[in-house]
Amino acid sequence: MSYLPQIAVVTGASAGFGAAFVRRFARAGVRVVATARRLDRLQGLASEHPDLILPLELDLQDTDAVRRALTSLPASHAAVDLLINNAGLALGLGPAQTADLSDWDQMLDTNVRGLIHCTHALLAGMVERGRGHVIHLGSVAGTQPYPGGNVYGATKAFVHQFSQNLRSDLHGTGVRMSCIEPGMCGGTEFSEVRFRGDADKAQAVYAGMTPLTAEDVAEAVWWTATLPPHFNVNTMEIMPTAQSFAGFQVARGA
Ligand code: 8X3
């Protein structure tokens, strides 16, 4: 027996993964609350399925606003049974010793604080209704250390472990919890943001290889969310075939 969620909330929905998730679920008739800071983008997305997609302007760094908005959704979109906690960003790829502390704060505020506040706002309702699924977007950077990954990777390690700990807290409630952990993904704003709008640097990351696309990641999320209720994906790590692991570095004579 497969499962179709009825009402999804997607954070970071104005572009990239988030917009692909909104489209994937709305295409199947799921009502979706699409949240992000850029309302004009959300409205454009909502115009593709105005009967299903509710645009909701939300700054995840304003945690009071997050709680207010997610606990007072209009009746048509209130009984949320799927939260896709997607909003997140990487800022910089330089070594920790030269990093800008405000970048670290911003990653923590969005990737960690924003995420936990969204989850907390919707979790009790799911448990009360005995129906729901929280899907967090982690990253391979949460388990694979790499130069320049410093705080970004650490926020994703948090997302991984928070997700698995939630599985334990949700034991016996019927509410599912999954963490989807993609590797290199092209065609989104992610790399441009990472390199502060330097499109050449961003494109160089994907030169000569085929990265995952936002639509590929949306398929993984769709599969995870539509499995029969007895089947929970704890963690799913996905990568382009062209990406894999390298060994340790050795500083000889240091
Ligand atoms: C980012 C994944 O592999 O581009 O979340 O660093 S990777």
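Computed over heavy atoms, backbone and side chain alike; hydrogens, waters and symmetry mates excluded. Predicted model only: the values in this text are computed from it and were never measured. For ligands, and for the atoms within them, numbers begin at 1 and follow the listed sequence.
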Donor-acceptor side-chain pairing of Ser178 and Asn234 below 3.5 angstrom:
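No - no donor-acceptor pair under 3.5 Å links their side chains.
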I'd like to know if the side chain of Asp216 pairs up with that of Thr213 as donor and acceptor (distance under 3.5 Å, no hydrogens or angles considered).
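The answer is yes; a qualifying pair exists.
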Look at Arg38 together with Glu189 and state whether they make a salt bridge at an N to O cut-off of under 4.0 Å.
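Salt bridge present between Arg38 and Glu189.
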For Leu52, all residues meeting side-chain contact (heavy atoms from CB on, under 4.5 Å), sequence neighbours excluded:
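Partners of Leu52 by the side-chain contact (heavy atoms from CB on, under 4.5 Å) criterion, ordered by chain and then number, come out as Ala26, Arg31, His49.
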Cluster partners of Met239, using ILVMFWY side-chain heavy atoms under 4.5 angstrom, listed by chain and number?
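Under the 4.5 Å side-chain rule, Met239 groups with Val140, Phe245.
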Contacts table for residues 200-209: side-chain donor-acceptor under 3.5 angstrom, sequence neighbours left out:
{"from": "Tyr206", "atom 1": "OH", "to": "Cys185", "atom 2": "O", "distance (Å)": "3.0"}
{"from": "Tyr206", "atom 1": "OH", "to": "Ser191", "atom 2": "OG", "distance (Å)": "2.7"}

Could you pull out the N/O contacts under 3.5 angstrom between ligand 1 and the surrounding protein atoms?
{"from": "ligand 1", "atom 1": "3 (O)", "to": "Gln243", "atom 2": "NE2", "distance (Å)": "3.0"}
{"from": "ligand 1", "atom 1": "5 (O)", "to": "Ser139", "atom 2": "OG", "distance (Å)": "2.6"}
{"from": "ligand 1", "atom 1": "5 (O)", "to": "Tyr152", "atom 2": "OH", "distance (Å)": "2.6"}
{"from": "ligand 1", "atom 1": "6 (O)", "to": "Tyr146", "atom 2": "OH", "distance (Å)": "2.7"}

